[in-house]
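Reading through the structure tokens given below for one structure.
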Amino acid sequence: MSTTKETKKTEENEMTTKETKKTEENETTTEENETTNEENREDKNKTVTLQSSDGATFIVDVAAATLSQTVKHWLDEENDTDMAIPLPNVTSTILAMVIEYCKKHAGPEPEDHVAEDALKEWDTKFANVDQTVMFDLILAANYMDIKGLLDLFCQSVADMIKDKTVEEVREIFNIENDFTEEEERALRDEHKWAFE
């Protein structure tokens, strides 16, 4: 009978130890979540100033601005949100559009299909710009290292030239044919699949 009591006490001690560990783990997870939530709130409250090539400045939430890996790395290295971050390759007009995109895409991913579809529809409308603006946005997205924006506009360009002939692509992008007739004929013979 004493063995049964000892076994029962040992089992109770093990259960108490397991419950204590679980409680400690839950407390640690709760503390980590609270810290993450607090950091996210702080990021939403923090702002950073972006300066375009023509000297215009824009005050932007850190959460939106750090969609740009260029800005994110600058902040990580400088750790100074009071100083304007110079973006010498981006004009104020284009930077305003980039910021609009970043504000729309900052924050958590859409949780349902309706929100996701609404964001895709917004992207489609946003990408409906003339070629000059489109290429300036591609250059800005590349310079600022904003993958989603770069992907959006590169896809727009791909859609523009899909199923087009070489001549149609040249016309769309105002590309002058600088090949002689002999060079073009040789290219057409060598790469017949491209001219079909």
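Residue numbers count from 1 along this sequence.
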Between V169 and T165, does the side chain to side chain contact (heavy atoms under 4.5 Å, CB included) criterion hold? Intermediate values first, please.
CA-CA 6 Å; V169 172; T165 66; over 6 Å; no

Connecting only ILVMFWY residues whose side-chain heavy atoms lie within less than 4.5 Å of each other, what is the rest of L187's hydrophobic cluster?
F179

Membership question, hydrophobic clusters at under 4.5 Å side-chain separation (ILVMFWY): are I59 and V48 in the same one?
no

Taking all atoms of both residues into account, what is the closest heavy-atom pair of Q131 and I172, and its distance?
NE2-O, 2.8 Å

Pair E78-K72, salt bridge (charged side-chain N to carboxylate O under 4.0 Å, His left out): steps then yes or no
CA-CA 10 Å; E78 297 297 323; K72 186 175 188 306; over 6 Å; no

Given T47 and V60, is the side chain to side chain contact (heavy atoms under 4.5 Å, CB included) satisfied, shown in steps?
CA-CA 5 Å; T47 59; V60 185; over 6 Å; no

Just wondering, do L50 and T57 contact through their side chains at under 4.5 Å, heavy atoms?
no

For residues A63 and T66, report the shortest heavy-atom separation together with the two atoms involved.
O-OG1, 3.4 Å

Do the rings of Y101 and W122 sit parallel, tilted or perpendicular, given the 30° and 60° boundaries?
tilted

Approximate separation, where rounding is to 0.5 Å, of S52 OG and I85 CD1:
13.5 Å

Residues which pass side-chain contact (heavy atoms from CB on, under 4.5 Å) with T93, listed by chain and number, not counting sequence neighbours
T91

Quick one: pull up OG1 in T70 and CG in N89 and give me the separation to the nearest 0.5 Å.
9.5 Å

Does E171 have more than 12 heavy atoms from other residues, nucleotides or ligands lying within 6.0 Å of its CD?
no

Can you list the residues that meet the side-chain contact (heavy atoms from CB on, under 4.5 Å) rule with A115, with sequence neighbours excluded?
P110, D112

Side chains of K46 and D61: closer than 4.5 Å at any heavy-atom pair?
no

Determine the minimum heavy-atom distance between L67 and A106, stating which atoms define it.
CD1-N, 3.9 Å

Yes or no on side chain to side chain contact (heavy atoms under 4.5 Å, CB included) for W193 and H191, after CA distance, side-chain angles and deciding distance?
CA-CA 6 Å; W193 59 270; H191 305 286; 4.0 Å; yes

Who are the salt bridge (charged side-chain N to carboxylate O under 4.0 Å, His left out) partners of E121, not counting sequence neighbours?
K125

Determine, step by step, whether K120 and E116 satisfy the salt bridge (charged side-chain N to carboxylate O under 4.0 Å, His left out) criterion, reporting the C-alpha distance in whole Å, the side-chain angles of both residues, the deciding distance to 0.1 Å, and the verdict.
CA-CA 6 Å; K120 284 181 182 178; E116 189 176 325; 3.6 Å; yes

State yes or no: do F135 and F126 share one hydrophobic cluster built from I, L, V, M, F, W and Y residues joined by side-chain heavy-atom distances below 4.5 Å, directly or via other members?
yes

Start with the C-alpha gap between F58 and S92, add the side-chain angles, then the distance that decides, and say whether side chain to side chain contact (heavy atoms under 4.5 Å, CB included) holds.
CA-CA 9 Å; F58 298 84; S92 58; 4.1 Å; yes

Side-chain heavy atoms under 4.5 angstrom apart, residues restricted to Ile, Leu, Val, Met, Phe, Trp, Tyr: same cluster for V90 and W74?
yes

First locate atom SG of C154, then atom CG of D159, and finally report the distance between them rounded to the nearest 0.5 Å.
11.0 Å

Looking at side-chain heavy atoms only, is the closest gap between D123 and H105 below 4.5 Å?
yes

As an exercise, state the distance from CD of E184 to CG of N177, rounded to the nearest 0.5 Å.
4.5 Å

Side-chain contact, heavy-atom cut-off 4.5 Å: V133 with M97?
yes

CD (E182) with more than 12 external heavy atoms under 6.0 Å
yes

Which pairs would a plain distance check flag for residues 138-151, meaning a side-chain donor or acceptor within less than 3.5 Å of a matching protein atom at least two apart in sequence or in another chain?
unit_1, atom_1, unit_2, atom_2, d
K147, NZ, D151, OD2, 2.7

Group every Ile, Leu, Val, Met, Phe, Trp and Tyr by side-chain heavy-atom contacts under 4.5 Å, then state whether L119 and L152 land in the same group.
no

Side-chain touch L137/I94, heavy atoms, less than 4.5 angstrom:
yes

Using side-chain heavy atoms (C-beta onward) and a distance below 4.5 Å, is M160 in contact with M134?
yes

Quick one: list whatever passes salt bridge (charged side-chain N to carboxylate O under 4.0 Å, His left out) with K103, sequence neighbours left out.
none

Quick check for you: to the nearest 0.5 Å, what is the distance between S156 atom OG and I161 atom CD1?
11.5 Å

